[in-house]
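Data block below; observations after.
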Amino acid sequence: MKILVVGGAGYIGSHMLKRFQDTDYEIEILDNLSTGFELNSQNYKLHNCDLSNKDHVYKILNENKYEAVMHFASSINVEESYSDPKKYYENNVINTLNLLNCMLELKILNFIFSSTAAVYGEPQNIPITEDEKISPVNPYGNTKAIIENVLKDYDKAYGFKYISLRYFNACGAHLDGSIGERHKPETHLIPLILQTASGRRENFTIYGDDYDTKDGTCIRDYIHVMDIAEAHLLSLENLMRTKKSDIYNIGNSQGFSVMEIFNLAEKITNTKISYEISARRKGDPTKLIADNKKIKNELNWSPKYSDLKTILMTAWKWEKYLSKSN
Ligand code: UDP
């Protein structure tokens, strides 16, 4: 079965490609290499294409008989989504619509969508189930919520089948050390702490210690990127078998504070990491923890690499490689 991985050269997409290596799927990649890296494409055929170019997208989809599309390509920086919402609505909404509309025209009706816990905003209930109200608090979350609504409507009207996966905090690196997280600029917690530990960065900043949590720092649910890849594979298999659209949280169902991550990172790297505490970052909810029962029960998924130690050790192995090669 031939599958198109859009955004396959990026962080989560490239780990998905690694997971596909042990399967019989025929994989191709569509990526504009704007934030991804060509090396991440791992010998799979790469179509260098920007989703804003609908004619080009159509041509690629028309020439290849894909049965399903996985869509990892999007802009993901919450802070930037406030200062440049146009970029977010263009990349995450208009470009995704280009892709979906090409798929519709060519009757490719199976889609796996990378959504986010940011669609929940400041949730009323913790852990968060998929039935929690959708109420994003930042433009990034708005763009993902819009596409979730589009998908719901396209399913009703056109029989377009999808699984939308709401990621909590993606982190960690492949265990073989060949690929990992690399954003430019880097804004994510674990790479920033580890870059400070390796000496690539002078100081790490904790955004706020006055939240209503045990130590005052934000709580998040950290989920290893290979567990996310596994959830995608199971979702694809399920979608092709049942032809039933659905939405799942992908999280570990365990929350850790920024301070807890920082403390364990100091232990694992065996380094005293320089840090300061600053004001809160705009758009950061206090606490996000997934209820992951639905995907566990229905898709038989369970996290294998998402204990904090494995997350930090794989991310540290990757950071050591990056700091040596830079
Ligand atoms: N964070 C921090 N310092 C940083 C980057 C992140 O204190 O330099 C905090 C951030 O406020 C949030 C958590 O770490 O509570 C995770 O942030 P990240 O950007 O990694 O992911 P997000 O939760 O925004 O998707």
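Counting convention: from 1, in listed order, for ligands and their atoms alike.
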Identify, with sequence neighbours excluded, every residue that meets side chain to side chain donor-acceptor pair (under 3.5 Å) alongside N91. S75, N95
Under the side chain to side chain donor-acceptor pair (under 3.5 Å) test, residues paired with D31 that sit two or more places apart: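 Result, side chain to side chain donor-acceptor pair (under 3.5 Å) vs D31: none returned.
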Have a look at V6 and tell me which of L99, I29, T96, N32 forms a side-chain contact (heavy atoms from CB on, under 4.5 Å) with it.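 Filter result, single survivor: L99.
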Using the side-chain contact (heavy atoms from CB on, under 4.5 Å) rule, pick out the option among T213, D212, I126 that qualifies with I219. T213
Test item: side-chain donor near acceptor, Y88 and E80, under 3.5 Å: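 Their side chains do contain a donor-acceptor pair, which is all the 3.5 Å distance test asks for.
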Pairs in or reaching into residues 283-318: which pass ring-ring contact (aromatic ring centres under 6.0 Å, His included), with residues at least two apart or in two chains?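 ring-ring contact (aromatic ring centres under 6.0 Å, His included) check on residues 283-318 returns H224-Y305, W318-Y321.
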With a 4.0 angstrom cut-off on heavy atoms, strictly below it, pick out the residues next to ligand 1 and order them by chain and number. N169, T187, H188, L189, L192, F204, T205, I206, Y207, C218, R220, Y222, V258, R281, D284
